[in-house]
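Notes follow once the structure below has been shown.
To find a chain, count down the sequence lines: A is the first, B the second, and so on, and within it residues start at 1.
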Amino acid sequence: MEEIRAPKNFIEEMIEQDIAEKGLAHIQTRFPPEPNGYLHIGHAKALCIDFSIAEKFGGSCNLRYDDTNPTKEDEEYVDAIQEDIAWLGFHWANVFYGSDYFDTCYEMAVKLIKKGVAFVCDLGRDQIREYRGTLTEPGKNSPWRDRSVEENLNLFERMKNGEFPDGSRTLRAKIDMASPNINLRDPAMYRIIHMSHHHQGDKWCIYPMYDFAHPIQDAIEGVTHSLCSLEYEAHRPLYDWVVEQCEFSHRPRQIEFARLNLTNTVMSKRLLRSLVEEGRVTGWDDPRMPTLCGLRRRGYTPESIRDFIFRVGVAKADSTVETAMLEHCVREDLNAHAHRMMAVLDPLKVIIENWEEGEFEDVELEYLPGGTEKRALRFGRELYIEREDFSPNPPPKYFRLKPDGEVRLKGAYVVRCTGYETDADNNVTAVYCTYDPETRGGQCERKVKGTLHWLPVADAIPAEIRLYENLLLPETEAGQDFTKRLNPNSLAVVQGFIEPALAEKEPGYRCQFMRMGYFCADLDSTPNKPIYNRIVGLKDSFKL
RNA sequence: UGGGGUGUCGCCAAGUGGUAAGGCAUCGGACUUUGACUCCGAGAUUCGCAGGUUCAAAUCCCGCCACCCCAGCCA
């Protein structure tokens, strides 16, 4: 699929300016996920920006696991993250682990101690909070702030050697306890955590904080532009402070942008994790999940997701994009490529009275409108149509089958309804029609308002069809209480029928069921047990 | 409340002193063997609000308002 136009955004302008002013020869970015969960559509934005900007300037982008906190991370997520990035179609120059730079981080910490701009603090968690002050009141210096360099060096080494319990001491930057920016009030740089790290094993029991490790990692890798979300804006002075104090010759620049929010979608890893753990979904790749693996499972194409991200754009204003935009992007992609197939979700039997019992005729159906590739379907006396495509008491402007009404059966003949049967509860059980032999598909001038999809009863293959709705109800329906916002009807499983040609397709095959929307053969489906997930409905397909 | 940000059509988003791009959604109309698709067309006298500077302001100045982020030994 052709790449959609890449809009020129403010980040690109800043980079162009840097290139002009600083004479940058190579643009280096990085995508730094913390391996504590699966990537979701929100990460896709960061990812697209990091990778595509590097690409646009002929530079490169590294994948770097931001794994400085062993209490929250797991190797389990590492492979999944790479798989999702690759699926989206991006290529990293290198895969790095932030934790592989722990030695350098340690050296830098020692350097800061020697320079007198870092100290070991014995204050406990609560005391640190008390000393920090508030938004309006300045903090006060820690009583340990003026320890000698020698003592700090000694203590810090002993922290590293595991002599002290968790939480007993921290290494803090010595900046300004009265700074109006709270992030600059002697922030912690290292903490003690006696826990083995998923990537470093038991080598360390002290771990650097994000604010200390990230700029160091960026500087080591030669990252020229460290792109991140808005909440790090107030951390930028600290980022710059670390780079400055560590005296790196290479100075990375942090630029922030607004993260992606989608209507009717949870984007918080904590909430997504709870959905998985509480069994409300089948896993991280449940097709209702906004995770990349969930969207993939549901049938979304990587192209459509990238297109969506580029259309959303990059800016600094908080925003919530309507899911309709995402859906438009998949429809646009699928409309061009997805084969049109016959499936009946809720069957209603039609008997063609003037068609001989046991007789069949092959009718040809195009895979794509106007396309040359075709396959055949047997037309016969007994057919299935969609239950909602017949109405004994049609409302005005009902174009589908109704008593004495005419309709075209896609690819086959025009039929006229002559009658119908109902059961004791007044449910329609069968519809009787006559066909007009003059109206064979492709060679008839006669126009009728409605065209229905259908399946021969003899050849229809049972299939499980899953119809998804948004996992969350609109906020207006359920307010802010997350649990109340979960949509109980987010999944409907229907036992329907599909045409024979479709039953042989591979899992992942995407198609459009006439008038029902776009579907994807589920990864769990087999030729004997076809399962189709609805990716997205057709626009206005069910409107009368 | 101190600091840092942001406010342009229902939702995103261009615009950087010269008279409001584009996309999604919506509404018309054409086409159609999917009420889909496609195709045409309609939409902000107005840029959070109020003053000011200027021949000219969404863009500059001033005051105000609203929303978001920061008081983790999370990232």
Are any of [X]'s side-chain N or O atoms less than 4.0 Å away from OP1 or OP2 of [N]?
X: A:Arg125; N: B:C74; answer: yes
X: A:Thr68; N: B:A75; answer: yes
X: A:Arg132; N: B:G72; answer: yes
X: A:Lys539; N: B:A25; answer: yes
X: A:Arg400; N: B:G35; answer: no
X: A:Arg191; N: B:C74; answer: yes

For the [atom1] atoms, the ones on [N] and on [M], what distance do you get once it is rounded to whole angstrom?
N: B:C64; M: B:G22; atom1: P; value: 37 Å
N: B:A36; M: B:A25; atom1: P; value: 13 Å
N: B:A56; M: B:U45; atom1: C1'; value: 16 Å
N: B:A50; M: B:C73; atom1: C1'; value: 48 Å
N: B:G41; M: B:C31; atom1: C1'; value: 15 Å

What's the closest nucleotide to the [X] side chain, out of [options]?
X: A:Val321; options: B:G3, B:C12, B:G72; value: B:C12
X: A:Met209; options: B:C73, B:C24, B:G5; value: B:C73
X: A:Arg129; options: B:G72, B:U1, B:G35; value: B:G72
X: A:Arg515; options: B:G35, B:C74, B:C12; value: B:G35
X: A:Arg311; options: B:G23, B:C73, B:C70; value: B:G23
X: A:Asn335; options: B:C37, B:A14, B:G7; value: B:C37
X: A:Ile128; options: B:G10, B:C73, B:G35; value: B:C73

Report yes or no: is the cationic atom of A:Arg169 (NZ for Lys, CZ for Arg) under 6.0 Å from the centre of the six-membered ring of A:Phe164, at an angle within 45° of the ring normal?
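So A:Arg169 does make the cation-pi contact.
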When you measure from the centre of the six-membered ring of A:Tyr367, is the NZ or CZ of A:Arg375 closer than 6.0 Å and no more than 45° off the axis?
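Flagged: A:Arg375 positioned over aromatic ring of A:Tyr367.
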Any chance you could measure A:Ser99, atom OG, to A:Trp204, atom CH2, to the nearest 0.5 Å?
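Here the rounded value is 10.5 Å.
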In terms of the angle between their ring planes, are A:Tyr65 and A:Tyr97 parallel, tilted or perpendicular, with boundaries placed at 30° and 60°?
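Because their plane-to-plane angle lies in the 30° to 60° range, the rings of A:Tyr65 and A:Tyr97 count as tilted.
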Could you label the plane-to-plane angle of the A:Phe497 and A:Tyr384 rings as parallel, tilted or perpendicular, counting under 30° as parallel and over 60° as perpendicular?
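It falls in the parallel class, under 30°.
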Please tell me which of A:Lys449 and A:Gly124 maps to the more 5' nucleotide of RNA chain B, matching each residue to the nucleotide holding its nearest heavy atom.
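The answer here is A:Lys449.
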Here's a test of your reading of the structure: between A:His328 and A:Ser319, which maps to the more 5' nucleotide of RNA chain B?
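Checking each residue's closest nucleotide, the 5'-ward one belongs to A:Ser319.
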For [N], the Watson-Crick or wobble partner whose two distances fall under 3.5 Å:
N: B:U6; answer: B:A66
N: B:C27; answer: B:G41
N: B:G35; answer: none

Which residues satisfy the side chain to side chain donor-acceptor pair (under 3.5 Å) test with A:Tyr131, sequence neighbours excluded?
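With neighbours one apart ignored, the set is empty.
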Contacts of A:Asp50 that satisfy side chain to side chain donor-acceptor pair (under 3.5 Å) - sequence neighbours left out:
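Side chain to side chain donor-acceptor pair (under 3.5 Å) list for A:Asp50, sorted by chain: empty.
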Counting any heavy atom closer than 4.0 Å, what does [X] reach on the DNA or RNA strands: base, sugar-phosphate only, or nothing?
X: A:Thr451; value: sugar-phosphate
X: A:Arg440; value: base
X: A:Glu322; value: base
X: A:Glu13; value: base

Integer-rounded Å distance: B:A36 C1' and A:Asp389 CG:
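One finds 13 Å between C1' of B:A36 and CG of A:Asp389, rounded.
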Could you check whether A:Tyr232 and A:Tyr239 have their ring centres less than 6.0 Å apart?
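Judged by ring-centre distance (under 6.0 Å), A:Tyr239 and A:Tyr232 do not meet the cut-off.
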Distance-only donor-acceptor test (3.5 Å): side chain A:Glu256, base B:G5:
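Counting by modelled atom types and ignoring angles, no donor-acceptor contact under 3.5 Å is found here.
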Under the 3.5 angstrom rule, does the side chain of A:Thr439 hit a backbone N or O of A:Val414 as a donor-acceptor pair?
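Indeed, once roles are kept as given, a pair shorter than 3.5 Å links the two residues.
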RNA chain B contacts among residues 227-239 of chain A, heavy-atom distance under 4.0 Å
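Only A:Glu231, A:Tyr232, A:Glu233, A:His235 qualify.
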Decide, for B:G5, between syn and anti: a glycosidic angle within 90° of 0 counts as syn, anything else as anti.
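Anti for B:G5; the angle lies over 90° from 0.
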